[in-house]
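Chain identifiers are assigned alphabetically (A, B, ...) following the order of the sequence lines, protein sequences preceding nucleic acid strands; residue numbering begins at 1 within each chain. Computed over heavy atoms, backbone and side chain alike; hydrogens, waters and symmetry mates excluded. All of these numbers come straight from a predicted model, not from anything done at the bench.
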Amino acid sequence: MHVDLDSFYAQCEENANPNLKGKPVVVCVYSGRTEDSGAVSTANYQARKYGVRAGIPIIRAKKLLETVDAAFVPMNHPRYEEISERIMDMLRSQSDAFEQTSIDEAFLDVSKRTGMNFESARDVAVEIKEQLLRQEHVTCSIGIGPNKLIAKIASDQSKPNGLTIVKPEDAITFLSPLPANRIPGVGKKAEEKLIQLNVSTVAELSGLSPNTFVENFGKSLGSYLYRASRGEDDEHVKEREQPAQFSRIATLKQNTRLPEETFPLLTELAYSVSDKLKEQGFTCKSVTIIAILTDLSIHSRSKTLESRTSEREPIEAAAKQLTQQFLRANPDAILRRVGVKASTLTKETGQTDISKFLTA
DNA sequence: GTATGCTTTCGGC
DNA sequence: TTACGGCCGAAAGCATAC
């Protein structure tokens, strides 16, 4: 079973402010550069009717909604996290195995408690929907299928507030007419290939030879797509124990390549990443800087640290060094936004782990 | 040749 | 007509180890 909370941030805002009910609601990330500079994080379904989508500039969303009484609200991420945590705990309690894949999505393995009976799985889904509405005033879209792939595609089939059940014997019939890009992992690049191959539906995709898959999509994606187009997937639902990375990114006051204008922000971002590592009890081994230039192109540079750390100073030093190197190697680059990322995380248990043993 | 690790890019929301 | 965020995980591409 796949559960997807409908335009989650927008629902959180509607619940926090009843004035928003019934209006188009646009949740915005303001960059602070000018009055309306920034992007749309998400929009409720009323706003989507006017063409407002995640990722578009706020100013464009305002134009699209200028004839209606719409609400533009700043994103409040800590609030969404808190609400999400309660919801995820509830969903986990309704499952045999649980896997949260984002702040608003999760897979629930309900095979045991339903004995693989899809009518019984429907009851679980209905109970989840009722409980979510009662306890958190939130709607969701649920997909039920014989595996994660089909559950995920099914949850996307009917939104918002949908429930789509695909029994094993109906899987091929369900998938066949769908556009091939509904398969997770088929993005822009794979889609271009599909056009070349004259493939638009999953059924057409499944008609390609195994060689055609590997030749066009590579061994990894190719064999995944071969199976996916047949509705096959054997991934298990499993808890994600540890995050893989923490990052902070922000927009500069003005476009620049001067160290005195970028370093203070880099320091702030590095400190924030370090604080989060410490707060959550992690150390990192690699540090990455993200550079977004005036043409909005995205670049990154990373390095592996000499030793694991969560301290502010080594992360800050690495970020400054990587930025300097990037600017030296790219004399025409002008920075618009910069970010700092810590990855290769390890949870520090306080117990003697192998690396401590070896250094001792 | 395969496994593993590191760096960079892609894509979803 | 343009406009433009802040996260995350996964994939791709390459190098190195065995």
Side-chain angles (χ1 to χ4, degrees), chain A residues 4-12 26-44 48 52-64 74-78 80-81 84 99-105 141 152 155-156 159 181-192 217-225 235 240-252 255 265 269 272-273 276 284-305 318 322 325-326 329 336-345:
Chain A
D4 188 344
L5 306 175
D6 299 321
S7 55
F8 178 53
Y9 297 175
Q11 284 205 77
C12 291
V26 185
V27 180
C28 302
V29 186
Y30 292 97
S31 70
R33 247 195 191 193
T34 61
E35 171 88 4
D36 282 331
S37 81
V40 170
S41 182
T42 195
N44 69 0
R48 292 185 198 191
V52 177
R53 297 278 178 279
I56 71 170
I58 294 165
I59 192 80
R60 215 175 114 197
K62 291 210 164 171
K63 290 269 195 304
L64 289 167
M75 175 154 103
N76 183 350
H77 207 263
Y80 313 146
E81 269 178 12
S84 168
E99 179 175 356
Q100 182 179 350
T101 54
S102 76
I103 194 166
D104 66 349
E105 283 184 35
S141 296
K152 165 86 177 160
S155 73
D156 207 38
K159 310 165 81 161
N181 64 13
R182 288 279 299 278
I183 297 174
V186 177
K188 215 173 92 186
K189 279 182 85 176
E191 228 178 317
E192 281 167 22
F217 303 104
K219 196 177 170 183
S220 168
L221 182 60
S223 38
Y224 162 73
L225 289 178
E235 291 298 313
R240 304 215 175 169
E241 313 289 346
Q242 296 192 350
Q245 55 181 235
F246 294 133
S247 68
R248 287 289 181 271
I249 185 165
T251 304
L252 290 152
N255 300 340
L265 183 55
L269 296 169
S272 172
V273 167
K276 176 140 184 182
C284 70
K285 192 148 69 108
S286 23
V287 171
T288 303
I289 58 118
I290 300 127
I292 290 135
L293 310 185
T294 45
D295 63 358
L296 301 181
S297 62
I298 303 168
H299 307 261
S300 67
R301 293 294 180 268
S302 56
K303 68 176 282 182
T304 302
L305 302 174
L322 286 163
Q325 283 172 2
F326 175 80
R336 179 184 175 90
R337 301 162 63 201
V338 291
V340 177
K341 174 166 90 176
S343 57
T344 329
L345 305 187

>> Applying salt bridge (Lys or Arg N to Asp or Glu O under 4.0 Å) to A:Asp6 and A:Lys159, what does each step give before you reach the verdict?
In response: CA-CA 7 Å; A:Asp6 299 321; A:Lys159 310 165 81 161; over 6 Å; no

>> Run A:Ser286 and A:Thr304 through side chain to side chain donor-acceptor pair (under 3.5 Å) and show every step you take.
In response: CA-CA 4 Å; A:Ser286 23; A:Thr304 302; 5.0 Å; no

>> If you apply the rule side chain to side chain donor-acceptor pair (under 3.5 Å), what do you find for A:Asn255 with A:Arg337, and how did you get there?
In response: CA-CA 8 Å; A:Asn255 300 340; A:Arg337 301 162 63 201; over 6 Å; no

> A:Thr42 and A:Ser7: side chain to side chain donor-acceptor pair (under 3.5 Å), yes or no, with the steps?
Replying inline: CA-CA 7 Å; A:Thr42 195; A:Ser7 55; 5.6 Å; no

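Between the C1' atom of C:dC7 and the CD1 atom of A:Ile292 lies a distance of 11 Å, rounded to the nearest Å. If you take CE of A:Met75 and C1' of C:dC4, they are 14 Å apart, rounded to a whole angstrom. A:Leu252 places its CG atom 10 Å from the P atom of C:dG6, with the value rounded to the nearest Å. Spacing between atom OH of A:Tyr80 and atom C1' of C:dG5 amounts to 13 Å, rounded to whole angstrom units. One can place OH of A:Tyr30 at 19 Å from P of C:dA3, the figure rounded to the nearest angstrom. With rounding to whole Å, A:Ile183 atom CD1 is found 14 Å from B:dG12 atom P. The distance between atom CD1 of A:Ile59 and atom C1' of C:dT1, rounded to the nearest whole Å, is 13 Å. Computed from coordinates, the A:Gln100 CD to C:dG9 C1' distance equals 13 Å when rounded to whole Å.
Between the side chain of A:Arg33 and the main chain of A:Leu252, a donor-acceptor pair closer than 3.5 Å is present. Listed for the A:Arg248 side chain is no donor-acceptor partner under 3.5 Å among the backbone atoms of A:Lys341. In this structure a side-chain-to-backbone donor-acceptor pair under 3.5 Å is present from A:Ser84 to A:Ile103.
Heavy-atom nearest nucleotides on DNA chain C were determined for A:Leu296 and for A:Lys276, and the one closer to the 5' end corresponds to A:Leu296. For A:Ala244 and A:Ala250, each mapped to the nucleotide of DNA chain C holding its nearest heavy atom, the one lying further toward the 5' end belongs to A:Ala250.
For the P atoms, the distance linking B:dC13 with C:dC4 amounts to 24 Å, nearest Å.
In this model, the phosphate group of C:dG5 is approached by a side-chain N or O of A:Ser31 to a distance below 4.0 Å at OP1 or OP2. Contact between the side-chain N/O atoms of A:Arg248 and the OP1/OP2 oxygens of C:dC7 is found at a separation under 4.0 Å. In this model, the phosphate group of C:dG5 is approached by a side-chain N or O of A:Arg336 to a distance below 4.0 Å at OP1 or OP2. OP1 and OP2 of B:dC13 both lie 4.0 Å or more from every side-chain N or O belonging to A:Ser7. At least one side-chain nitrogen or oxygen of A:Arg240 sits closer than 4.0 Å to the OP1 or OP2 atom of C:dA10.
At a threshold of 4.0 angstrom between heavy atoms, the contacts of A:Asp36 with the nucleic acid are absent. Here A:Gly55 lies in heavy-atom contact (under 4.0 Å) with a base. As judged by a 4.0 angstrom heavy-atom cut-off over every strand, A:Glu105 is placed among residues touching the sugar-phosphate backbone only.
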> Which letter, B, S or -, goes with each nucleotide of nucleotides 2-9 of chain B from 5' to 3', with contact meaning a protein heavy atom under 4.0 Å?
Replying inline: ----SSSB

>> Protein within reach of the bases, or only the backbone? For nucleotides 11-18 of chain C, mark each nucleotide 5' to 3' as B, S or -, using heavy atoms under 4.0 Å.
In response: -S------

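Set against C:dA3, C:dG9, C:dG6, the side chain of A:Pro243 has C:dG9 as its closest nucleotide. The listed nucleotides are B:dC13, C:dA3, C:dG5; the one nearest the side chain of A:Arg337 is C:dG5.
Residue A:Phe246 holds its CZ atom at 11.0 Å from OG of A:Ser272, rounded to the nearest 0.5 Å. Rounding to the nearest 0.5 Å gives a distance of 10.5 Å between CD of A:Glu105 and OG of A:Ser141.
Residues A:Val40 and A:Val52 form a side-chain contact, since some pair of their non-hydrogen atoms from C-beta on lies under 4.5 Å apart.
Of the residues A:Val273, A:Leu345, A:Thr344, the one that meets the side chain to side chain contact (heavy atoms under 4.5 Å, CB included) test with A:Cys284 is A:Leu345.
With hydrogens and angles ignored, a donor-acceptor pair closer than 3.5 Å exists between the side chain of A:Ser41 and the base of C:dG5.
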